[in-house]
Amino acid sequence: FQAEDGIRDRSPSRGLGDVYKRQYQEWSNQVGRKENMSLSDPIGDMLARIKNSLMRNHSKVKLPSSKFKVKLAEVLKSEGYIIDYKATDEKKPILEINLKYNSGNPVISSIERVSKPGRRIFSSADSLPKINNGLGIAIVSTPKGVMTDMDARKQKVGGEIICKVF
C-alpha cells in the first residue's frame, strides 16, 4: 500500500488467503484423529487397534476408554494375554494397554470380533463354543458381567459372545 508521502507499508498481508490457509491447517490437523470420529463399533475398533499394534510389535496401545472396554481389558489381563492396562479419568478418558510378548512373538496370535452391531450372536451356557479345543477363550457379556466362556459355563449363564482370543 502506497502512502501519500511515498513510504511503503512493509507489514504482511492479512487477506483472505491467510484466513483460508489457517482454516485448512485446522481442518488438516483434525483429519487423522479418531477422537472426533463417531464409531459404529467401538469394541471392533479396540480389537483392531490391539491387532494392529501386535503386528507392528508395539509395547503399548492407547485408545478411547469406556467401562466396557476396561472390563474387556480386565478379562484379557486375568487370562494372561496382556501385561497390564491403565484407564485415565479425564474429559476424554484414555485406555492404555501394555501388550505381552513371549520371546519376541505376541501372546495373542488372533483376536477377532464375533458379535457385531449388524449381527448379534448370543449363546446359552451349554452351547458356548470352545476356542481351539480349549486353548483359546471367548469373551462373553452376561447378566453377571463380562467373563470368559469357561467362567460362564461354570456359573451356568449365557450371553453375547463379544470376541474370541487365541
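What you see is a predicted model; the values in this text were computed from it and never measured.
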Residues forming a side chain to side chain donor-acceptor pair (under 3.5 Å) with Ser123, sequence neighbours excluded: Ser127
Got a sec, which residues hit side-chain contact (heavy atoms from CB on, under 4.5 Å) with Ala125, two or more places apart in sequence or on another chain? none
To the nearest 0.5 Å, tell me how far Ser65 OG sits from Lys86 NZ. 12.5 Å
Hits for side chain to side chain donor-acceptor pair (under 3.5 Å) against Thr148, two or more places apart or cross-chain, chain-then-number order -> Asp151
Cluster question for you: counting only ILVMFWY and a side-chain heavy-atom cut-off of under 4.5 Å, with indirect links fine, are Ile50 and Val114 together? no
Under the side chain to side chain donor-acceptor pair (under 3.5 Å) rule, collect the residues that match up with Tyr81, sequence neighbours excluded. none
Tell me which donor-acceptor pairs under 3.5 Å the side chains of residues 56-63 have, and how far apart each pair is, sequence neighbours excluded?
{"unit_1": "Lys60", "atom_1": "NZ", "unit_2": "Glu96", "atom_2": "OE2", "d": "3.3"}

Hphob cluster co-occupancy, Leu76 + Leu95, side-chain heavy atoms under 4.5 angstrom: yes
What pairs with Lys77 under salt bridge (charged side-chain N to carboxylate O under 4.0 Å, His left out), at least two apart in sequence or on another chain? Asp84
Please check if the side chain of Thr88 supplies one atom and the backbone of Glu90 the other of a donor-acceptor pair under 3.5 Å. no
Donor-acceptor contacts, no H, no angles, side chain residues 155-166, under 3.5 Å, sequence neighbours left out:
{"unit_1": "Glu160", "atom_1": "OE2", "unit_2": "Ser115", "atom_2": "OG", "d": "2.6"}
{"unit_1": "Glu160", "atom_1": "OE2", "unit_2": "Arg120", "atom_2": "NH1", "d": "3.0"}

Please answer: with hydrophobic residues joined when any side-chain heavy atoms are less than 4.5 Å apart, are Ile97 and Phe68 in the same cluster? yes
Hydrophobic cluster membership, Val75 vs Leu47, 4.5 Å side-chain cutoff: yes
How about Lys69 and Glu74: do any of their side-chain heavy atoms sit closer than 4.5 Å? no
When every non-hydrogen atom of Pro117 is compared with those of Ser40, the smallest separation belongs to CG-O, 3.7 Å
What residues, two or more places apart in sequence or in another chain, satisfy side chain to side chain donor-acceptor pair (under 3.5 Å) together with Asn132? none
Would you list the pairs meeting side-chain hydrogen bond (donor to acceptor under 3.5 Å, both in side chains) in which at least one residue belongs to residues 98-114, sequence neighbours left out? Asp41-Arg113
Full working for side chain to side chain contact (heavy atoms under 4.5 Å, CB included) between Ile139 and Val146: CA-CA 7 Å; Ile139 299 178; Val146 179; 3.6 Å; yes
With Ser78, which residues qualify under side-chain contact (heavy atoms from CB on, under 4.5 Å), at least two apart? none
With a 4.5 Å limit on heavy-atom distance, are the side chains of Glu79 and Met150 in contact? yes
According to a hydrophobic-cluster definition based on side-chain heavy atoms being under 4.5 Å apart (Ile, Leu, Val, Met, Phe, Trp, Tyr only), do Ile137 and Ile43 belong together? yes
